[in-house]
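Here's the structure we're looking at; comments come further down.
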There are 2 protein chains.
Amino acid sequence: MSIVSIPAEIPAATRQSERLGELIEERIVTGVYPPGTRLDEQELADTFGVSRTPVREALIQLSSVGLIEIRPRRGATVPEIGADRVCEMFEVMAELEAMCGRLAARRITPGEQIALQEAHSACEAARDANTPDIYYQLNEVFHQRIYEASHNGFLVEQATALHRRLRPYRRLQLRVRNRMTTSFNEHQAIVDAITKGDGDLASALLRAHVTVQGERFADLVATLRDFKAGT
Amino acid sequence: MSIVSIPAEIPAATRQSERLGELIEERIVTGVYPPGTRLDEQELADTFGVSRTPVREALIQLSSVGLIEIRPRRGATVPEIGADRVCEMFEVMAELEAMCGRLAARRITPGEQIALQEAHSACEAARDANTPDIYYQLNEVFHQRIYEASHNGFLVEQATALHRRLRPYRRLQLRVRNRMTTSFNEHQAIVDAITKGDGDLASALLRAHVTVQGERFADLVATLRDFKAGT
DNA sequence: GGCGCATATCTTGTATACATAACGGTGATT
DNA sequence: AATCACCGTTATGTATACAAGATATGCGCC
């Protein structure tokens, strides 16, 4: 009855195009290929030392996730993601997280409660140490815990995917004044609500928590625009 | 200043793999390739009279949308979507639609109100004519109108995509007793709520409207299982 | 006769070659 | 001088060829 070792579910990406996809995605979100960049297949192939075939496959995959645009016979480009589009994405993200919170409040298991509390405490430590980068990472874990506590695998996938896509824009706000403290306080309220089993409250708090990020992003964009105009 | 004709934004799918993707998707959702089917690349290539390259590209695209599973070196298969997974998807769909409804109530334009009312009336006609197939199609239009009235392009995309993926399972419930009448009445309430600008109500109604579909699906599955067991 | 291992075959993954549409430049014409 | 047409170049889309892993078969061994 005791299966000692599960056959290791990690053979994973044996396919070159998959690794390529991640590499290119990395370069897109880190700004190595900024919006508007034209992605030449041959060029990418040379860069990564492979042929065009896997590159094409990677590009197609990225395009169907929405990270790049492929226009027939015109190649792939990193879309200029219009700030408004990003705001739209934050709006949806807020709702997905709210949903996770509502479900989590109803369905979270004792074990998951502990895991959530741990992630929360870790964030606290990072806040006290005033290490935004670490807080940022732990924050991701915290949210992931909530996703999982929703006990809806599909939702977890969707939320995780969108969270990933928004990462670069969230990152922009890392060093905003008092961001960590504010964020942590919000987390605290969210944890309480989930623990109490108050789904509506958890939902509302999470929605606000994420919506704020979207608004901050909008502010940032507006500021940048003014800055540009002023130059 | 007056550009008379915009260069026609509709060259679209010049890429064979894109058409292939749609064709294969069609065959998956219509049950030609039922869950568990192994999709042999060469076989598909022969079937559609093309080489393996576009087939592979199509498969990769389908896999990143979640319609098929590709395990490295082991080919593509139509996943056995577990009924529970479908229920999860309905749960998320309900929330996305609820969100569309809430936003639509706040943001819908007069023109969109008319369009929504038209779609609704069309459904009414189909109900009176007792033509479920037609009602089914018009129902899709109705929901699409609500999506669009949310004025969140990203949300529209996400909702549309998920709606598409759930289509086959929704289709199962086509001829349930009184389905059309019940559905239409719910639609009526939703239209009213949106028109009144009552976002919370529209949201709640839509969530229920879709959740019911998920539950119906679950019932159906349970029934089928009992039926099987009884045989 | 059952089990394990080596080999054979088949399918996927990658590279290369070829076809074709889009882009740019040059030249002629109005 | 400006515009349009034609042609050459370049990059994408597709087909084919090759490499390598996975599955299946058959043989030997226990």
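Scope of the values below: all heavy atoms of this structure, side chains included, with no hydrogens, waters or symmetry mates. Letters A, B, ... mirror the listed sequences (proteins, then strands); counts begin at 1. It should be emphasised that the depicted structure is a prediction, and the values quoted were computed from it without experimental measurement.
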In this structure, are over 12 heavy atoms from other groups packed under 6.0 Å from A/Ile134 atom CD1?
-> no
Is any side-chain N of the basic residue among B/Glu95 and B/Arg207 closer than 4.0 Å to the acidic one's carboxylate O?
-> yes
Separation of B/Gln16 atom CD from C/dT20 atom C1', in whole Å?
-> 13 Å
Heavy-atom nearest nucleotide on DNA chain C taken for A/Ser51 and for B/Gly75; more 5' hit belongs to B/Gly75
For residues 76-92 of chain B, the side-chain hydrogen bond (donor to acceptor under 3.5 Å, both in side chains) pairs (sequence neighbours left out) are A/Arg107-B/Glu91, A/Asn152-B/Glu91, A/Glu157-B/Arg85, B/Arg85-B/Glu88
Chain A footprint on DNA chain D, 5' to 3' - any atom under 4.0 Å from a heavy atom | D/dA11 to D/dT14
Base, sugar-phosphate, or nothing: which does B/Arg56 touch, judged by heavy atoms less than 4.0 Å apart?
-> base
Spacing of B/Ile68 atom CD1 relative to C/dT12 atom P, expressed in whole Å | 11 Å
Rounded interatomic separation in angstrom, taking CZ from B/Arg15 and C1' from C/dA21 = 15 Å
B/Leu59 CG to C/dG13 C1', in whole Å, measures 13 Å
Under-3.5 Å donor-acceptor pair between A/Arg73 side chain and C/dT20 base = yes
Taking CD from B/Glu43 and P from C/dC10, how many angstroms apart are they, rounded to a whole number?
-> 14 Å
May I ask you to decide whether B/Glu118 forms a salt bridge with B/Arg145, counting only side-chain N to carboxylate O separations under 4.0 Å?
-> no
Separation of atom CD1 in B/Ile60 from atom C1' in C/dG13, rounded to whole Å = 10 Å
Scanning both residues in full, the closest heavy-atom pair of B/Ala58 with B/Gly21 reads CB-N, 3.7 Å
Could you state the interatomic distance from CG (A/Leu67) to OG (B/Ser64), rounded to the nearest 0.5 Å?
-> 11.0 Å
How many Å lie between CZ on A/Arg52 and C1' on C/dT14, as a whole number?
-> 13 Å
Hey, does the side chain of A/Arg71 come within less than 4.0 Å of C/dA22's phosphate (OP1/OP2), counting only N and O?
-> no
Is the B/His187 ring parallel, tilted or perpendicular to the B/Tyr135 ring (thresholds 30°, 60°)?
-> parallel
CG of A/Leu20 versus C1' of C/dG13: gap in Å, rounded?
-> 12 Å
